[in-house]
Amino acid sequence: QVQLMESGGGSVQSGGSLRLSCVASKDTIEKFCMGWYRQVPGKEREGVAVSDKDKSFAYANSVKGRFDISRDNHKNTVYLEMNNLKPEDTAMYYCAAIRLCPYGLGYIRPTDLVAWGQGTPVNVSS
């Protein structure tokens with residue numbers, strides 16, 4: 001069974017950086033597209049970045065040039081490096097394993113979703 005565990009969230013000042021980690025059960029990141037999504041209360045879960053097993057990738061326009069998604073197969077871990085953070089980046093960030101990579105970063109259909117992590121909070125202050 002696929003399991004995902006996020007870490008690395010926290011509180012930072014505007015302009016700061018954080019690196020989120022998603023530790024996956026064995027072989028998960030070699031078998032599936034991996035994504036980072038974020039959500040604030042009252043809004044839909046929003047795609048931030050995705051990376052497929054062939055290393056194809058996509059980023060939301062709001063984070064291009066600031067965020068970077070990467071994989072470490074040896075550690076079974078996917079990272080999201082976040083730089084030049086802005087208050088509007090404040091959200092709960094979730095890791096996902098996905099069957100077919102949603103390069104448009106839209107809502108993940110139940111038929112495509114393998115697993116969500118529990119989330120890690122990010123708060124960016126002014």
Side-chain angles (χ1 to χ4, degrees):
Q1 185 178 63
V2 172
Q3 296 186 84
L4 309 173
M5 183 68 69
E6 302 100 328
S7 63
S11 297
V12 297
Q13 195 171 1
S14 181
S17 298
L18 285 172
R19 189 177 75 164
L20 307 184
S21 299
C22 173
V23 179
S25 48
K26 186 179 180 180
D27 297 329
T28 295
I29 69 171
E30 297 178 324
K31 294 179 179 179
F32 299 107
C33 172
M34 302 299 297
W36 286 98
Y37 281 64
R38 64 189 182 188
Q39 189 170 30
V40 297
K43 297 192 69 177
E44 299 290 333
R45 195 164 293 188
E46 174 190 29
V48 176
V50 292
S51 176
D52 210 347
K53 52 188 178 292
D54 66 355
K55 299 188 178 181
S56 299
F57 62 88
Y59 294 94
N61 288 335
S62 59
V63 306
K64 286 180 180 177
R66 299 191 296 120
F67 290 12
D68 181 60
I69 187 169
S70 61
R71 298 165 171 240
D72 187 329
N73 290 342
H74 178 70
K75 295 183 177 181
N76 302 305
T77 302
V78 177
Y79 302 98
L80 185 68
E81 180 72 30
M82 305 186 295
N83 301 303
N84 192 24
L85 283 160
K86 304 175 180 180
E88 53 263 43
D89 295 318
T90 296
M92 185 72 73
Y93 283 71
Y94 298 90
C95 180
I98 312 161
R99 289 186 173 86
L100 296 177
C101 213
Y103 293 110
L105 296 168
Y107 180 77
I108 304 170
R109 297 185 300 171
T111 52
D112 290 330
L113 181 68
V114 178
W116 286 112
Q118 294 299 304
T120 187
V122 172
N123 182 268
V124 185
S125 60
S126 300

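Rounded to the nearest 0.5 Å, atoms CD1 (Ile29) and CG (Asp52) are 12.0 Å apart. Interatomic distance, NZ of Lys26 versus NZ of Lys31, reported as 9.5 Å (0.5 Å rounding). Note: Met34 CE to Ser51 OG = 9.0 Å, rounded to the nearest 0.5 Å.
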>> As a quick check of understanding, evaluate side-chain contact (heavy atoms from CB on, under 4.5 Å) for Glu81 and Arg19, giving each step before the final call.
In response: CA-CA 4 Å; Glu81 180 72 30; Arg19 189 177 75 164; 3.3 Å; yes
>> Could you go through Ile69 and Val78, starting from their C-alpha distance and side-chain angles, then the distance that decides it, and tell me whether this counts as side-chain contact (heavy atoms from CB on, under 4.5 Å)?
In response: CA-CA 7 Å; Ile69 187 169; Val78 177; 3.9 Å; yes
> Would Val114 and Thr28 count as a side-chain contact (heavy atoms from CB on, under 4.5 Å) if you check the C-alpha gap in whole Å, the side-chain angles of each, and the deciding distance to 0.1 Å?
Replying inline: CA-CA 10 Å; Val114 178; Thr28 295; over 6 Å; no
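Tracing side-chain contacts under 4.5 Å through hydrophobic residues (I, L, V, M, F, W, Y), one never reaches Val23 starting from Tyr79; they form parts of separate clusters.
Listed here is the closest heavy atom pair of Cys33 and Val50: SG-CB, 4.0 Å. For the pair Leu105 and Ala60, the tightest heavy-atom approach, listed with the atom from each and the gap, is CD1-N, 3.1 Å. Leu4 approaches Ala24 most closely through the heavy-atom pair CD2-CB, 3.6 Å. Of all heavy-atom pairs between Val48 and Leu80, the closest is CG1-CD2, 4.3 Å. Residue Gln39 comes nearest to Lys43 through the heavy atom pair NE2-O, 3.1 Å, listed as atom of the first residue, atom of the second, then distance. When all heavy atoms of Glu30 and Lys53 are compared, the pair lying nearest together is O-CD, 3.4 Å.
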Show every donor-acceptor pair shorter than 3.5 Å between a side-chain atom in residues 85-100 and any protein atom, with sequence neighbours excluded, or say none if there are none.
residue : atom : partner : partner atom : Å
Asp89   : OD1  : Arg38   : NH1          : 2.9
Asp89   : OD1  : Arg66   : NH2          : 3.1
Asp89   : OD2  : Arg66   : NH1          : 2.8
Asp89   : OD2  : Arg66   : NH2          : 3.4
Asp89   : OD2  : Lys86   : N            : 2.8
Thr90   : OG1  : Pro87   : O            : 2.9
Thr90   : OG1  : Val124  : N            : 2.9
Thr90   : OG1  : Val124  : O            : 3.4
Tyr93   : OH   : Arg38   : NH1          : 2.9
Tyr93   : OH   : Asp89   : O            : 2.7
Arg99   : NH1  : Thr111  : O            : 3.4
Arg99   : NH1  : Leu113  : O            : 3.3

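With hydrogens and angles disregarded, a donor-acceptor distance shorter than 3.5 Å links the side chain of Asp54 to the backbone of Ser56. With Thr77 contributing its side chain and Asp72 its backbone, the two residues share no donor-acceptor pair below 3.5 Å. The main-chain N or O of Cys22 is never found under 3.5 Å from a side-chain atom of Glu6 such that the two would form a donor-acceptor pair.
Sorted by first and then second residue, the ring pair (Phe, Tyr, Trp, His ring centres under 6.0 Å) pairs involving residues 30-57 (not counting sequence neighbours) are Tyr37-Trp116, Phe57-Tyr59.
Other residues, nucleotides and ligands contribute over 12 non-hydrogen atoms within 6.0 Å of the OH atom of Tyr103.
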